[in-house]
4 protein chains.
Amino acid sequence: MKADSPKTDQKGRKILREALKVFAKEGFRNADVQVIADLAGVGKGTVYRHFGNKEQLFLATSRHCLTEAGEFIQREVLSGRDPIGFADEIGAVPLLRRIATAYAQHYQRQPEAVEIMIQERSEFRETVFPSHLMHRAEHREGLDELLRRAVERGELRAVDVTQATDAFADLLFGTVVNGCLSGGKTSLVARVEGAVELFLHGLAARDE
Amino acid sequence: MKADSPKTDQKGRKILREALKVFAKEGFRNADVQVIADLAGVGKGTVYRHFGNKEQLFLATSRHCLTEAGEFIQREVLSGRDPIGFADEIGAVPLLRRIATAYAQHYQRQPEAVEIMIQERSEFRETVFPSHLMHRAEHREGLDELLRRAVERGELRAVDVTQATDAFADLLFGTVVNGCLSGGKTSLVARVEGAVELFLHGLAARDE
Amino acid sequence: MKADSPKTDQKGRKILREALKVFAKEGFRNADVQVIADLAGVGKGTVYRHFGNKEQLFLATSRHCLTEAGEFIQREVLSGRDPIGFADEIGAVPLLRRIATAYAQHYQRQPEAVEIMIQERSEFRETVFPSHLMHRAEHREGLDELLRRAVERGELRAVDVTQATDAFADLLFGTVVNGCLSGGKTSLVARVEGAVELFLHGLAARDE
Amino acid sequence: MKADSPKTDQKGRKILREALKVFAKEGFRNADVQVIADLAGVGKGTVYRHFGNKEQLFLATSRHCLTEAGEFIQREVLSGRDPIGFADEIGAVPLLRRIATAYAQHYQRQPEAVEIMIQERSEFRETVFPSHLMHRAEHREGLDELLRRAVERGELRAVDVTQATDAFADLLFGTVVNGCLSGGKTSLVARVEGAVELFLHGLAARDE
DNA sequence: CATGAATGAGTTTTCATTCAT
DNA sequence: TATGAATGAAAACTCATTCAT
């Protein structure tokens, strides 16, 4: 629970940074712990001392990515304000847009994190809920609550908020996973923003 | 001397069937070809004789999944009719709904195929475009065209059809990948249908 | 003992011809019987029907090479005459020269046979006595006898003929094995002839 | 941290020693690295850690044999003296005799090394020049120079020294390769010495 | 604590040989 | 008699993990 000593932690950070690169490039199974150790400039034993085994190293890497993503999004979207209050202030729709944009920006800047996300799903069958969507909302309740209030307020249609949260997360996930492969055609940000706009306003004509 | 497809192919089919199970359960790297051979009731050499190596075996498995999915969806959605003409007849929105439902039904029935899809993305960096969404639309042009006509007809909002196609595919992909893990809570079909409904009509209230 | 049917033997010949190429190029262990069968245009089973197993196929190839070499040398050197009588007629020294030259010519024309010879020594520990040095002298007695008479006649120094035969054979063997690798610098024939000349007349000055 | 040569190398030495036995007995292709590891009392991984792969292990073995042979011959023949100077002193003919004898002694004592030599030729097509014939003469120039001076001095006949060097080496090689198989009949040393004597003084009678 | 040499279980792949057709 | 699909024993090589220094 407690942070490592300020000095040693440096080493852990370095290992994690290199592990990210290697896992992203090679995949979990194919990655060689020796390579990670070498890149981090430490002995293999040190890696094992810090993280126990390869699996835990991967999981730590994944957690680290999530934390970083969460922090980035929180910073970009909220700038320290309370999400629920902020939503009430600027509206849920603009907030969801900001979330999506920040989300895309982050993964555009760090495509390796997408690979980690996918690896975790594929190797460990972990649900890929972009839990870092909201500040500290490791358990999605934040998003649910936000939507609920917006529905009550009439800003959003009267939908099942659980379903809506799932759909929003699934859309972001799917877009980022496929979008980060599509070379340089469109930026990931543009793709995500386009998709979210459709999601917000619907594909069907409204007069129907 | 004898043709390979009708009867003899039986053995290849069997191998593919078991490979699907094993790859889905263990993941590509972790899967042991020996296990596949044993389950298929053939020698390991036979597997290699048929598929060359592990990678090609996996790719063949993946292709097989895609083909089956495509055939199922085609059957369910179109029943032999021409997709474009059919869309003109019943409307693009109902057609997209049918596609999504069939898509979900298929993967609900065969969750292993989802794992294969994810493995392929994770191991081989293959874009996961649900190319089998439409009959013979191995190149998504079908869906694009369908949407284009619906936009002209005024059935859909005047959106960028390329973006819309991407978003629709990404949404299906994301929902299926995450949905098939969520135990039995909600059926995958319900989740997908809910998500698509949102996508079609929008999350935001219309008066905005 | 009896030759195969005049028709089927054709097939055996073809197999042997291709086996020679493959064994020479790949080495005994590394050679793939399937490749030989393919090149010979027959099924793998046919190869086994004709030669029993890989080892016997190799040995048959080797024997075939030896036979061909023997026949060539016999033709070149003796033109049908009796070796002993012929030596009495033209002298042992000229005869040994002719043998060496023919020997070198043969292996220069068919370097694969050198590889086979080496493989046999290396894989099966067979003494590599160029038994084909003389017509029908599969058992070197021919050469011994020839030298013995030349010694008696005073043509050759009073040496141990057994030793001399061995040395002559060893020299030819060593020269051919190393000479066929030395690219195109000197022809194998020149190298062998040079070596034999030294062997005949000695390296040391005669006044000693 | 610690040097690799003096003490730790012990393990590498042991592996090499056992590899020599196994390669000699089984041949390169037929040899099983596991067996070598077992005999050396180390894990298979250790063998691979030290030598990279089977081929490099073999090549290291071969190099080791050559080094040992070279050192032995140098010691026996020269006892630390300069080869050229020594030849001037005792004469080239006695020196060549000493070389041949030492050469034969070495391989008589270590017949495995002959097998390695043959394997290398057969598997890797390496020219088998007994480069270790002379002290530090990894490039035969030593022998060439030695003969040149002896020719000038009138000790040897006016022959092409390059040809003579080749012939001498080929003769030694051929004799050793065939001689070490001939059971215990004659010692390898006797066979080589006999062959070299013939080579030095010629087979033909001198009056011719 | 850090290190990296040592280990050996685990996997892929090859190919000689067989045998049903 | 000819074939080539099927087989599985065999072997090279890798790499997570341990532990003596």
Side-chain angles (χ1 to χ4, degrees), chain A residues 5 7-8 11 26 28-38 41-58, chain B residues 1-2 4 8 11-12 15 26 29-38 40-57, chain C residues 5 7-8 11 26 28-38 41-58, chain D residues 1-2 4 8 11-12 15 26 29-38 40-57:
Chain A
S5 76
K7 213 40 168 301
T8 311
K11 200 166 285 188
E26 308 292 346
F28 173 68
R29 293 280 168 183
N30 205 33
D32 186 340
V33 175
Q34 182 68 68
V35 171
I36 295 170
D38 290 348
V42 301
K44 207 196 278 202
T46 305
V47 175
Y48 277 87
R49 170 170 307 284
H50 276 248
F51 297 96
N53 61 25
K54 195 185 181 184
E55 185 168 325
Q56 289 182 46
L57 173 59
F58 179 84
Chain B
M1 279 292 162
K2 235 198 317 164
D4 207 25
T8 311
K11 196 160 290 186
I15 293 171
E26 308 291 347
R29 293 280 170 183
N30 204 34
D32 185 344
V33 175
Q34 181 69 69
V35 171
I36 295 171
D38 290 348
V42 301
K44 203 196 297 202
T46 305
V47 176
Y48 278 90
R49 158 168 282 279
H50 275 249
F51 296 97
N53 60 27
K54 196 184 179 185
E55 184 169 325
Q56 288 184 46
L57 173 59
Chain C
S5 76
K7 213 46 167 298
T8 312
K11 200 165 285 187
E26 309 292 346
F28 174 68
R29 293 281 169 182
N30 205 33
D32 185 341
V33 175
Q34 182 68 68
V35 170
I36 295 170
D38 290 349
V42 301
K44 208 195 277 203
T46 305
V47 175
Y48 277 86
R49 169 170 307 281
H50 276 248
F51 297 96
N53 61 25
K54 195 186 182 183
E55 185 168 325
Q56 289 182 45
L57 172 59
F58 179 85
Chain D
M1 281 291 161
K2 232 192 328 158
D4 206 26
T8 312
K11 197 160 288 187
I15 293 171
E26 309 291 347
R29 293 280 170 182
N30 204 33
D32 185 343
V33 175
Q34 182 68 69
V35 171
I36 295 171
D38 291 349
V42 301
K44 200 197 301 202
T46 305
V47 176
Y48 278 91
R49 159 169 283 279
H50 275 250
F51 297 97
N53 60 27
K54 195 185 180 185
E55 184 169 326
Q56 288 184 46
L57 173 59

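First the proteins, then the strands, lettered A, B, ... as listed; each starts at 1.
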**Report entry** Nucleic acid footprint by protein, nucleotides 14-21 of chain F - heavy-atom cut-off 4.0 Å, B for base, S for sugar-phosphate alone
**Finding:** BSBBB---
**Report entry** Whether Lys11(B) side chain and Ala40(B) backbone form a donor-acceptor pair below 3.5 Å
**Finding:**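 No, Lys11(B) side chain to Ala40(B) backbone: no donor-acceptor pair under 3.5 Å.
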Nucleotide [N], atom [atom2] - distance to [atom1] of [X] in whole Å:
| X | N | atom1 | atom2 | answer |
| --- | --- | --- | --- | --- |
| Leu57(B) | dT11(E) | CG | P | 16 Å |
| Glu26(C) | dT14(E) | CD | P | 14 Å |
| Asp38(C) | dT3(F) | CG | P | 11 Å |
| Phe51(D) | dA6(E) | CZ | P | 11 Å |

Requested in this report: Please report the shortest heavy-atom distance between Arg29(A) and Lys54(A), naming the atom on each side.
Outcome: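 Between these two residues, the closest heavy atoms are O-NZ, 3.2 Å.
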Requested in this report: Could I get the full list of salt bridge (charged side-chain N to carboxylate O under 4.0 Å, His left out) partners for Arg49(A), not counting sequence neighbours?
Outcome: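 By the salt bridge (charged side-chain N to carboxylate O under 4.0 Å, His left out) rule, Arg49(A) matches no residue at all.
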Query - Test ring-ring contact (aromatic ring centres under 6.0 Å, His included) applied to Tyr48(D) - qualifying residues, sequence neighbours left out - result: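 ring-ring contact (aromatic ring centres under 6.0 Å, His included) check on Tyr48(D) returns nothing, list empty.
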Results of side chain to side chain contact (heavy atoms under 4.5 Å, CB included) for [X] - residues two or more places apart only:
| X | result |
| --- | --- |
| Glu26(A) | Val22(A), Asn30(A), Ala31(A) |
| Phe51(B) | Ile15(B), Leu16(B), Leu57(B), Ala60(B) |
| Asp38(C) | Gln34(C) |

Query raised in the report: Closer than 4.0 Å, any side-chain N/O of Lys11(D) to the OP1 or OP2 of dA6(E)?
Result: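 For Lys11(D), the contact criterion (side-chain N or O under 4.0 Å from OP1 or OP2 of dA6(E)) is met.
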Requested in this report: Indicate whether OP1 or OP2 belonging to dA5(E) is found under 4.0 Å from a side-chain N or O atom of His50(D).
Outcome: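 For dA5(E), OP1/OP2 do not have a side-chain N/O of His50(D) under 4.0 Å.
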Report task. Can you measure from NE2 (His50(A)) to CD (Gln56(A)) and round to the nearest 0.5 angstrom? Result ->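 So the NE2 of His50(A) and the CD of Gln56(A) are separated by 13.5 Å.
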Query raised in the report: Can you tell me which stems DNA chain E forms when a stem means 3 or more consecutive Watson-Crick or G-U pairs under 3.5 Å?
Result: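 The stems are E:2-21 with F:2-21.
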